[in-house]
Amino acid sequence: FSPERFQLFLTHKKLTSAAASVALGVSTATIDRYRNGYVAPGQSMCLLMQRTWPEWWPFLTKQTNELPEVSRGKARFD
C-alpha cells in the first residue's frame, strides 16, 4: 500500500477524506492517517479496500503503474 498513490487515487476520484471514510466505515482521521503515511492500513482494511475499489487495488499496491480509469490512453504513474 502506497500513501502517495492513495492520495493520487482520492484526488483522481474526487473523493474527500469524509467520503472515503463513509465508503470504508472508518473515521476521517483514519483516512487522513493512511493518506499521509502515518499508519498503514491493516490486513482487514486492505481487504476491504480491495473489495471496495478492485480496479484501483493493483495501482495502490504498486503492482502496476497504470491508472485504471485512464488505461485506454495508457496514463502511467512513474
Side-chain angles (χ1 to χ4, degrees):
F1 180 83
S2 166
E4 296 84 9
R5 287 174 181 233
F6 187 58
Q7 176 64 42
L8 185 63
F9 160 74
L10 293 174
T11 301
H12 185 77
K13 297 290 283 182
K14 297 180 179 150
L15 287 173
T16 62
S17 293
S21 70
V22 169
L24 297 174
V26 297
S27 70
T28 302
T30 297
I31 296 298
D32 289 339
R33 287 184 199 105
Y34 297 158
R35 183 172 52 88
N36 294 318
Y38 295 135
V39 67
Q43 185 176 8
S44 61
M45 181 54 64
C46 285
L47 184 58
L48 181 58
M49 286 180 176
Q50 184 177 12
R51 289 182 179 169
T52 304
W53 302 301
E55 68 280 2
W56 279 86
W57 188 247
F59 178 78
L60 291 173
T61 56
K62 298 184 179 182
Q63 296 173 36
T64 183
N65 286 331
E66 292 184 11
L67 299 173
E69 295 178 354
V70 292
S71 61
R72 291 183 186 144
K74 298 296 180 193
R76 296 182 59 86
F77 176 78
D78 293 317

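Taking OG1 of Thr52 as the reference point, atom CG of Leu47 lies at 9.0 Å (rounded to 0.5 Å). For the atom pair CD1 of Ile31 and CD of Gln7, the computed distance is 11.5 Å after rounding to the nearest 0.5 Å. The structure places CG of Leu67 at 12.0 Å from CD of Glu55, a figure rounded to the nearest 0.5 Å. We find the CH2-CG distance between Trp56 and Leu8 to be 6.0 Å, quoted to the nearest 0.5 Å. To the nearest 0.5 Å, atom CZ of residue Arg35 and atom OG1 of residue Thr11 are 8.5 Å apart. Distance check: Met49 CE to Ser44 OG gives 10.0 Å after rounding to the nearest 0.5 Å.
No side-chain donor-acceptor contact under 3.5 Å links Arg33 to the backbone of Val39.
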Would Tyr38 and Asp32 satisfy side chain to side chain contact (heavy atoms under 4.5 Å, CB included), going step by step from the backbone distance to the final call? CA-CA 8 Å; Tyr38 295 135; Asp32 289 339; over 6 Å; no

Please evaluate residues Cys46 and Trp57 with respect to the criterion side chain to side chain contact (heavy atoms under 4.5 Å, CB included), reporting the C-alpha separation (whole Å), side-chain torsions for both, the decisive distance (0.1 Å), and the verdict. CA-CA 9 Å; Cys46 285; Trp57 188 247; 3.6 Å; yes

For Thr28 and Thr16, what are the C-alpha separation, side-chain angles and deciding distance, and is it a side chain to side chain contact (heavy atoms under 4.5 Å, CB included)? CA-CA 9 Å; Thr28 302; Thr16 62; over 6 Å; no

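No side-chain N or O of Glu66 forms a donor-acceptor pair with one of Thr64 less than 3.5 Å apart.
Met45 approaches Pro41 most closely through the heavy-atom pair CG-CB, 3.7 Å.
In Gln63, the CD atom is crowded: over 12 heavy atoms of neighbouring residues, nucleotides or ligands sit closer than 6.0 Å.
Ring to ring, Phe6 and Phe1 are close: their centroids are under 6.0 angstrom apart.
Checked against Phe9 for a ring pair (Phe, Tyr, Trp, His ring centres under 6.0 Å), the options Trp53, Tyr34, Phe59 give a single hit: Trp53.
Among residues at least two apart or in separate chains, salt bridge (Lys or Arg N to Asp or Glu O under 4.0 Å) pairs with a member in residues 9-22 are Lys13-Glu69.
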